[in-house]
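Since the structure comes first, as structure tokens, the remarks are kept for the end.
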Amino acid sequence: MSDRNESDRLQQESTFQRLIRRPEAGSFAVMVVVLVLIAFASNGNAMNALGIKNNLSIISQFGIIATGAALLMIAGEFDLSIGSMIGFAGMSMAMMLKWGLPFGLGEATPFSAFFITLAMTLSLGWLIGTIVVRSGLSSFIVSLGFLFGLRGVTEVTFRLINQSTQISGLQDFKETSFFARLFGGESFGWFYDLAFALGFNLNRRGEQWVTGLDARVVWWMLVVLIAYIILSRTQIGNWIYATGDNKESARANGVPVNRVKVGLFMTTALCATIFAACQVFDTNTADAAKGNLKELEAIAIAVVGGILMTGGFGSVIGVAFGAVTFGLVANAVFYIPWIDGSFYRVFVGAVLLAAVFANERIRKRITGGI
Amino acid sequence: MSDRNESDRLQQESTFQRLIRRPEAGSFAVMVVVLVLIAFASNGNAMNALGIKNNLSIISQFGIIATGAALLMIAGEFDLSIGSMIGFAGMSMAMMLKWGLPFGLGEATPFSAFFITLAMTLSLGWLIGTIVVRSGLSSFIVSLGFLFGLRGVTEVTFRLINQSTQISGLQDFKETSFFARLFGGESFGWFYDLAFALGFNLNRRGEQWVTGLDARVVWWMLVVLIAYIILSRTQIGNWIYATGDNKESARANGVPVNRVKVGLFMTTALCATIFAACQVFDTNTADAAKGNLKELEAIAIAVVGGILMTGGFGSVIGVAFGAVTFGLVANAVFYIPWIDGSFYRVFVGAVLLAAVFANERIRKRITGGI
Amino acid sequence: MAEPYVRLENIVKRFGPFTALNGVNLDVHSGEVHALLGDNGAGKSTLIKVMSGVHAPSEGTIYVEGKPTVFNSPRDATVAGIGTVYQDLAINPLMSVTRNFFMGRELYKGPRGLGIMKMGEMNEIAHDEMLKIGIDISDPTQAVGTMSGGQRQTLAIARAIHFGAKVLILDEPTSALGQKQQMGVLKTIKKVRKRGDIAVIFITHNEIHSQLVADRYTFLALGQVIGAGKKDELEHNEIRRLMAGGAEMRDLEQELADI
Amino acid sequence: MAEPYVRLENIVKRFGPFTALNGVNLDVHSGEVHALLGDNGAGKSTLIKVMSGVHAPSEGTIYVEGKPTVFNSPRDATVAGIGTVYQDLAINPLMSVTRNFFMGRELYKGPRGLGIMKMGEMNEIAHDEMLKIGIDISDPTQAVGTMSGGQRQTLAIARAIHFGAKVLILDEPTSALGQKQQMGVLKTIKKVRKRGDIAVIFITHNEIHSQLVADRYTFLALGQVIGAGKKDELEHNEIRRLMAGGAEMRDLEQELADI
Amino acid sequence: ERYVMITHTQGTDPFWPVVEKGGRDAAAAIGAEFEYNFAASGDMSDMAKLIEAATATQPDGIIVSLPDADALGGAIKSAADSGIPIVTINSGLESSKTVGALMHVGQPERLAGTSAGERAKAEGVTKGLCLNQEAFNTALVDRCSGYFDALGADLNQIDVSNDVAQIKTRTAAAIQADPSIDGVLAVGPHVCEAAAEAIEEVGADVHLSCFDMTPGVINLIKDGKVQYTIDQQQRLQGYIPVIVLHLYNTNAGMLPGANVPSGPGFVDASNAAAVESQAGVNR
Ligand SMILES: Nc1ncnc2c1ncn2[C@@H]1O[C@H](COP(=O)(O)OP(=O)(O)OP(=O)(O)O)[C@@H](O)[C@H]1O
Ligand SMILES: Nc1ncnc2c1ncn2[C@@H]1O[C@H](COP(=O)(O)OP(=O)(O)OP(=O)(O)O)[C@@H](O)[C@H]1O
Ligand SMILES: [Mg+2]
Ligand SMILES: [Mg+2]
């Protein structure tokens, strides 16, 4: 009997079994179901030339902030200030473009407005992170403080300097500035040109319909790619997992837990700033409500994408699937004429629960039910 | 040496030291600071006859839902659906009072409208709780699903049945129904009558100014009292602490962990329903925005009141102090004329962070830094 | 031989693709100390978790006093008289000693659940019971999180003993203890055994401890029983060999001395 | 006598009103195994947490190679050559064996932090190192949470040894292990000792284990040192008495037999 | 003198800062203190509590918008009863007297919506769509309802959210889903700007009318992408009440004999250039 071996207790698994045990499997399945349902229910409208552009626009917005939120959640922390950070960043950029740089430093360019804002948001991210790691307080509550506080600061600044909660009618910086086009311009124009040449992509008047995807699609793909490589391949990736799984043991083994966390709070701030920049340079407006509720949506997407609420587990690719699911649900009901638009919150709730159940099954299989 | 005794290692403490080590000490200190600041800055306006009534009204609203949220947080779970539950309950009561009972069961009375609504909200609380304990999913995410879903259902129902997101123009049930007065009426009238008789409580015309506190003040006191006794004196109280501290060990020792949690989700639903009933019967209206953002405020108050985010620690009295602090801050901008109203959120953020730091110091002292 | 109080028959437990228990039989008799021995990962903790209702077995049956029984929760097992001190102690660090001691079984007057707890009485009992097995806590309202590993273990044992179960399961109760406390626990085990109406299941990796108190042995390896029997039926060397999962202990010690 | 590698002088550690360590001195010499013994709650774990940078001492000084040193974090201690295997194992249950093994000290090419990890090589090393102290894991990408307590302990020890520190601190490394693995660990300790350049601090409640490997003893009770010395300076019975915090072991065993 | 203004907004609608500025300018002109507040949750009960809190500070006058007379009536009435003069603004013309206000300055939202709808119908709109950025804000819903009253159709409204990207994509989706839509009403200026882009994207010929003004909206009108926007001249809703209350308090109850309608005014291609410099600040 004692010649039985430890590995005898482990069954061999097929490739398919291995595949459905990947962390992304649950979010992938949910995404496919939602995609198919919506494609049918909208008579294909959701997937025509404009539909793709618009859906991708929303999906990338969600995707950008959800990726940041997801990395932070894997490290075991939350950031509820994402939405307010977006509002703050948008306000800051638009304010500089309209009223000039602070301290009378003269006119702002898109370039200077973006980088001064980024410096501020990164500092705020650093501050939140530092408070969290220094005090040992729950990040939920610290960032809740910043959710209220930052939104308040945004509003107060709008009111005091601008006399209005909205800035609009800025010149279209996309025309003059390459930098503004990077965020607010278009991408993949060749794809739509090609489609037009082939006889697709015609609008109601028979002209070329869509000229390209929003630039934020490229940003999303960049963010996902970088986050994916960092998380799964690099040393920092291992530190992120270690920090979220068991902070004390990670610290005892020399993982710079605090720096990892602070860095990730700065990453969510960076993602929020990219989000805001894409909107500001696209529409040349900003208002005090920008980013409202986005923090909860970002967390919801991360969870739909298979991130574990308690940290230590999850994949960036799953979050990308989650963003697709969530973006479609938030936008595509409006393609379905026989459904009242007010149902969309109901759908969001339902999909969230469904996805979370699917992910949980997968996770249990991988980690042996811990 | 070996005749030294274990108790030699523990220093004796004075009564004062014991007092500042109570879990309520932090929230009490913060409350006193806020009270004094506002009393000064408002030239006493915040504490005149109407000021007291109004502040207590806001405080009790906050207090009612925060107490429910706090009990649940001590048991280690969150409920993000509180705000949507308030909206749902308000909608349901007003809808019945306007359009009659469902299934053509005839006219609704305040009594039947309340209890049918309560049956529904308790069932919803039960459902959320059951999903959480059965699936083992994070309550944050499950109740986030209900935050979206319930708000959506409320909106859809309003639109489909009522054609408007607002119901108003109901008769004033307080005049005909004792039950409606229980929620929407006044209390402590004798106190204000007495004050009037003594020459206080005069409005500009010299007439009696305020006739009584809102009924919800009594509800708040009731809720706090009951919650206090249950939590600190009864068996269930011990179960709640045990559940939040270490679920597995509580379960292994025969604590009915699941029933405790489900019960507490139903308690938050009950608190939300009381909240909604007080508003509906007070103003005879309801709208789809009712309760918006209240879930985050309830959690914030619980934390200001010294509840530990990870469960297992906290006191109901502390939460009552937290509600006073938060209610005063929410109204403070009025009492301090030189401050713009948009500063409200900035204050909330600041007080939240300050309180949480104070509480953390206390907690560390009590639990020896765990 | 008398009817065993608890009998496990052909218990199989799988975690996903992994088979932790592969057809285990076990008889537990009142008034006996049953040592459950085996290598790391052999499945000892899993087996007692099945017995105390934490895991449902994938296959096999549990008999309590001869009747097939299904435990849906640890509570069911407690009601059936099975009290357990887990290896990963079932202790709540933020709660006081007393509240931990009586957790789930508070003394109260009034209706169950809403009854008011008798704190004074409970404080006294907790203090006394812990003193009985040799730990004097100065303040029973102190949070357990501030106590050392061994102090916590003592609390867990005192609690299980106080709520006197018919079967007392101790998963490595001595592994974190100092020698004095180790002896205290063994003494307590013997005291419990002497009462005659309680069965004790004792998991340990310490050969001496098992020989000091056990009446009956079961050896697990890789999820299967590789040997079992009464103390007097087994030879000393056989026990040592089986404890090491079949390896020769003597060789190992020799190796060690050679370095 | 040679200069000790680490020397603790008059270490005091208070937790709020509670004094866990009350002026402790300790010398740790390279090439020796130093057994740290004492009752539950004596302060052993606290002492080594001070030594490995987890707690800052309230009073007293740590000398490393004669120089007064302040550890602001466990990292500082690691850099100073102090490697620790904690009693509450520093293991991450959701991560794979390999990722745990190399946590914080990954093999990578490229810049620190953003360097790409060499997973294949790391898998191999983790597997081999664990095999060396006697545990054969079938799949190094398996999550540690699915392993037994003893398997986890082995991982923690293998890791500390692999990243060979100048001082290796083992807090009750054998308490959760099976006999074979216990011997494996003791063997490893002796192997480490034989290299001559590493000091080992070994905390245990097992008298036999300490006698098998230790060169020097320190006994703690209630936060104070109640006895210390080299193995050959101390009598066997004196050791037993001190281990029990001053009580007479013989009496205890007698009592046990009498029940 | 100290005057308090409380309005129903979630704090993000660019309409109200213009009202606030009107009030501040008037207060500055007469040398009075001025405070402005709103309930960020959009919940009417919260707003009622704000009115009560304001009353407790015993100001010399309260200016309040009245979107829900039932929810706010009690608080306003008790303020009036305690001797504080009150002027209602914006919505709530019908109930202004019953809640005890001296007078009303403003224009009912529903009526404004109706006039937008009448003009749209005259300009050939047959099937409409209303874009609402705060679906729970009854004042905004009233604008939509009025529009459809005039068109003689059922309310067809979508919640476009306050996120500019979502406003655009949801609008495009809805127009795409139902090609028969030929008239769109955007009840906020930022929605108007995003909707104009969405319509252009879809490539449809859609009549777009809006509420309120920003520089962006004016530009769109000049470009012919927006037909007209309803201007409530809301500055008046802030300015006039302060002056009225001042005169009332200092001249033994002097009061105009009737309510003051502040609008509606249409801004279209004919006058866009003229109001441009004022847009978003004073108009
Ligand atoms: N929840 C689980 N999921 C997957 N595998 C598990 C689970 N629990 C235990 N195992 C596996 O079952 C085997 C037996 O574990 P168990 O804890 O019962 O061992 P043990 O005999 O108690 O060991 P030790 O002496 O180290 O405590 C181990 O290999 C472990 O990895
Ligand atoms: N963070 C802390 N806060 C307060 N008291 C503490 C803390 N950590 C340890 N103690 C106390 O210090 C004393 C020594 O604990 P320690 O864990 O060092 O004991 P030990 O010698 O390792 O015991 P064991 O053999 O049981 O592991 C104990 O009484 C414990 O209650
Ligand atoms: Mg075990
Ligand atoms: Mg210890």
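Each chain gets a letter, A, B and so on, in the order its sequence line appears, and its residues count up from 1.
- Within a 6.0 Å radius of CZ in B/F28, no more than 12 heavy atoms belonging to other residues, nucleotides or ligands are found.
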Run the numbers on B/E297 and A/F148 for side chain to side chain contact (heavy atoms under 4.5 Å, CB included), then give the verdict. CA-CA 10 Å; B/E297 287 171 346; A/F148 288 116; 4.3 Å; yes

Quick one, B/I299 with A/F140, criterion side chain to side chain contact (heavy atoms under 4.5 Å, CB included). Give me CA distance, side-chain angles, the key distance, then yes/no. CA-CA 10 Å; B/I299 292 174; A/F140 184 97; 3.6 Å; yes

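- Contact record, A/I141 with B/L353: O-CD2, 4.5 Å, taken as the closest heavy-atom pair.
- Within the 4.5 Å cutoff, the side chain of A/Y344 has no heavy atoms near those of the B/E155 side chain.
- Contacts of B/L144 with chain A are made by both backbone and side-chain atoms, with heavy-atom separations under 4.5 Å.
- Closest heavy-atom contact between B/R345 and A/G152: CB-CA, 3.7 Å.
- For B/A300, the parts sitting under 4.5 Å from any heavy atom of chain A are the backbone and the side chain alike.
- Only the side chain of B/L147 comes within contact range of chain A, with heavy atoms under 4.5 Å apart.
- Heavy-atom pairs under 4.5 Å with chain A peak, among B/L293, B/L150, B/L352, at B/L352.
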